[in-house]
Amino acid sequence: MKVAWAGSREAFQVSDRMAKLVANDPVFEKFSKPMLGRKELFKNTLRKAAYAWKLINDLRLTEEEAKWLRHYIDEPNYTDLHWEMFVPAIEGQGTKEQKKKWLPLAQTMQIIGTYAQTELGHGSNVQGLETTATFDRQTDEFVMHSPTLTSSKWWPGGMAKVATHAIVYARLIIDGLFHGVHGFIVQLRSLEDHSPLPGLTLGDIGMKFGHGTYNTMDNGVLRFDHVRIPRNQMLMRVSQVTKEGKYAQSDVPRQLLYGTMVSVRQTIVADASKALSRAVCIATRYSVVRRQFGSRNGGPETQVIDYKTQQSRLFPLLASAYAFRFVGEWLKSLYIDVKQRLEANDFSTLPETHACTAGLKALTTAATADGIEECRKLCGGHGYLISSGLPELFAFYVPACSYEGENVVMMLQVARFLVKTVSNLGYKQPVGTAAYLGRVTPLLQNNCAVQTAEDWLNPDAILEAFEARAARMVIGCGERLAMFENPEEGFAELSIDLVEASLAHCQLITVSVFIQKLNHEIPGNGVKRSLEVLCYVYALFLLHKHQGDFLATGYLTPKQASLANEQLRTLYSKVRPNAIAFVDSFNHMDHYLCSVLGRYDGNVYPKLYEAAWKDPLNDSDIVDGIQQYVQPILKQKLHYAKL
Ligand SMILES: CCCCCCCCCC/C=C\CCCCC/C=C/C(=O)SCCNC(=O)CCNC(=O)[C@H](O)C(C)(C)COP(=O)(O)OP(=O)(O)OC[C@H]1O[C@@H](n2cnc3c(N)ncnc32)[C@H](O)[C@@H]1OP(=O)(O)O
Ligand SMILES: Cc1cc2nc3c(=O)[nH]c(=O)nc-3n(C[C@H](O)[C@H](O)[C@H](O)COP(=O)(O)OP(=O)(O)OC[C@H]3O[C@@H](n4cnc5c(N)ncnc54)[C@H](O)[C@@H]3O)c2cc1C
């Protein structure tokens with residue numbers, strides 16, 4: 001199962017080696033992080049990042065190994081933006097000459113970059129950005145300027161204190177004409193003494209949610225006061241500006257300017273299963289250790305994992321972690337394919353890839369963030385302790401619902417893709433993830449054939465149910481949209497339904513990828529059978545949760561919906577004996593989990609007790625402030641019993 005989770009034996013070995021490297025090195029200790037102040041926390045992160053870079057070079061780690069190393073260090077920092085956004089932006093949007101100049105500098109970290117798109121006034125609406133890049137023909141330069149307070153760049157990670165360079169998105173202006181938003185490589189700091197270059201105002205935007213998690217990142221604010229950069233620092237794969245000031249567009253579509261976001265959204269989907277599996281591992285192990293009620297004749301109480309209600313909250317999350325792992329793997333292969341096509345100037349699959357990355361980013365991050373919080377509740381009161389590992393994990397993860405495209409905004413992008421697909425149905429056969437929309441007639445006409453709970457243990461029945469639900473919701477939206485004279489008005493009016501239809505479409509993708517995975521790639525019958533159980537749990541849990549959709553579209557009868565739920569209960573009993581094996585298969589080490597409740601050895605209570613004594617408040621019996629503020633209250637003699 002560890003191999004099935006990792007994707008291959010080699011992938012397992014690489015991640016396992018890197019997990020151990022990090023866990024066994026005292027530099028990467030992280031349990032004390034929540035006790036540090038912001039400055040200490042930040043310096044500590046800089047120290048770890050520098051040491052990691054040294055390890056990567058000394059041990060000659062491959063790109064894959066380096067990624068795992070950074071992952072297990074488990075502290076967001078400036079290198080995330082450098083490797084995941086700055087470098088890919090140059091790779092995807094730079095010309096050959098630009099790549100030749102900038103990539104070697106970035107790949108050896110002689111320069112450190114960030115991705116400066118969002119502003120104080122605009123994040124989702126990229127076309128609304130206000131920073132200007134005005135071409136000056138006399139000097140062959142662009143003048144970068146922040147004309148308003150709301151045009152201040154706001155959020156870019158690593159920008160406040162570390163990055164030497166940034167890809168800055170700004171409105172291109174030539175001779176007073178606006179030519180859309182483009183990316184520019186801008187140096188921010190001196191490579192000699194790290195001071196901000198003239199004309200730039202740079203700072204940190206302040207503390208974020210959770211203490212020891214995202215505050216290791218220096219998210220920054222940046223303002224330009226007429227800062228000049230050479231013309232050849234505009235990323236020019238998509239559009240070019242000549243020294244005469246002529247604006248030209250190559251036959252590469254404009255959407256490629258957004259290519260870095262497609263790349264990172266894909267990574268975010270791949271990473272969702274890591275965060276969810278981490279929370280599920282903690283909650284499952286603790287649910288086996290924790291006992292409440294049910295003692296008979298002085299025997300042990302019931303392990304909380306044996307309560308059906310606990311199973312009904314925990315096991316769907318376990319199944320979701322596996323589903324997200326597989327859909328992340330699938331999306332990665334879709335992305336690698338589109339990347340190769342784009343390099344060969346084949347842009348045909350870009351709209352579908354954009355819809356898949358946007359929609360799956362929204363689906364997986366929302367479910368993961370909610371899932372982590374549910375795992376915290378599944379651990380009862382102790383889940384609220386920092387030492388459970390869950391509050392910090394939640395604080396770390398939850399911004400994924402907003403960054404890289406706010407989730408609702410992303411679902412609306414999926415909706416645009418689906419509406420377009422439906423409106424082209426007469427003359428363009430949908431392919432890939434939308435192929436089912438080419439079979440609307442049977443999907444709209446045939447209803448579910450399930451008659452017994454057993455009938456639900458059938459991948460074809462499940463797939464058809466999810467296809468029919470999504471098709472009916474999408475087609476229904478299409479029909480209602482057609483009644484509006486102005487399509488944009490209609491889209492806005494129906495946006496709630498459109499987001500729901502998009503979710504149904506994305507859930508269909510996750511369910512069908514899980515089923516495909518079982519059909520083709522699982523080594524070993526035992527592993528396959530166990531994963532089949534999880535696949536059914538995932539699908540039937542979604543069916544139960546969204547049964548309103550399945551009923552309202554008329555595909556299911558209430559009886560069939562209740563049979564699905566009956567089957568789900570039976571499936572939970574099948575998951576229970578393997579629950580610990582399922583979570584051990586994630587191969588998460590104690591160092592990575594950073595959780596007393598999720599310890600591999602289950603030695604929860606003594607370690608919880610021990611961890612409590614490490615709190616700085618327990619350094620002495622009488623702490624600072626008691627003499628000054630408590631003793632006087634105790635010693636005063638008031639006339640009234642109550643104030
Ligand atoms: C323990 C484990 C924990 C795991 C932690 C998880 C994190 C791990 C991940 C690690 C990786 C990296 C670390 C990074 C940390 C996060 C850093 C965050 C960075 C950022 O947030 S950067 C800023 C991101 N900003 C956005 O995403 C903005 C969102 N807005 C947009 O994308 C767009 O503006 C839009 C999609 C809303 C479009 O707006 P609109 O104005 O309508 O569109 P137009 O500009 O006019 O374009 C319309 C056409 O273009 C198509 N389109 C849009 N986007 C794309 C795209 N990306 N690719 C292809 N095509 C695109 C759109 O569909 C329209 O097409 P049409 O004309 O209809 O055919
Ligand atoms: C931790 C973190 C790190 C970040 N790192 C970076 C970075 O490195 N570089 C960078 O450039 N940016 C970064 N960002 C910014 C991030 O990309 C934006 O915050 C994100 O894209 C959301 O945009 P917004 O803040 O403008 O949200 P808004 O769009 O203002 O969202 C507010 C609300 O409005 C709703 N809404 C907006 N538009 C629509 C619409 N059309 N229809 C319906 N509802 C709508 C949303 O659903 C949401 O509920 C980061 C953000 C965070 C939280």
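First listed ligand is number 1; within each ligand, the first listed atom is number 1. The chain is numbered in sequence order, starting from 1. Remember, predicted model here, so these are calculated numbers, not experimental data.
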Given F586, which partner from the list Y600, Y592, Y322, F324 fulfils the ring pair (Phe, Tyr, Trp, His ring centres under 6.0 Å) test?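 For F586, the ring pair (Phe, Tyr, Trp, His ring centres under 6.0 Å) check succeeds only for Y322.
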State, to 0.1 Å, how close G123 and T118 come at their nearest heavy-atom pair, and which atoms those are.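 Heavy atoms only, the tightest pair is CA-CG2, 3.6 Å.
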From CA spacing to verdict: salt bridge (Lys or Arg N to Asp or Glu O under 4.0 Å), K339, E343: CA-CA 6 Å; K339 209 173 156 195; E343 273 154 22; 5.0 Å; no
Region of [X] that comes within reach of ligand 1 [heavy atoms, distance under 4.0 Å]:
| X | value |
| --- | --- |
| Y72 | neither |
| Y115 | side chain |
| V409 | side chain |
| M85 | side chain |
| R265 | side chain |
| R416 | neither |

Nearest protein heavy-atom contact for atom 45 (C) of ligand 2: which residue, which atom, what distance? V409 CG2, 4.0 Å
Would you confirm whether any non-hydrogen atom of the protein falls under 4.0 Å from atom 28 (C) of ligand 1? yes
S124-ligand 2 polar pair, N/O distance under 3.5 Å: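 It does: an N or O of S124 is found under 3.5 Å from an N or O of ligand 2.
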Is there at least one pair of N or O atoms, one from Y214 and one from ligand 2, spaced under 3.5 Å apart?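 There is no such contact.
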Between Y214 and ligand 1, does any nitrogen or oxygen pair lie at a separation below 3.5 Å?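 N/O-N/O distance under 3.5 Å: no.
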Go through the side-chain N and O atoms of D16 and N587 and say whether any donor and acceptor fall under 3.5 Å apart. yes
Close side-chain approach of F142 and L172, heavy atoms under 4.5 Å: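 Side-chain contact under 4.5 Å: yes.
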Among E84, Q127, Q413, H354, which residue places a heavy atom closest to atom 56 (C) of ligand 1?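 Nearest option to atom 56 (C) of ligand 1, by heavy atoms: H354.
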Of all the heavy atoms in F396, does at least one lie under 4.0 Å from an atom in ligand 1? yes
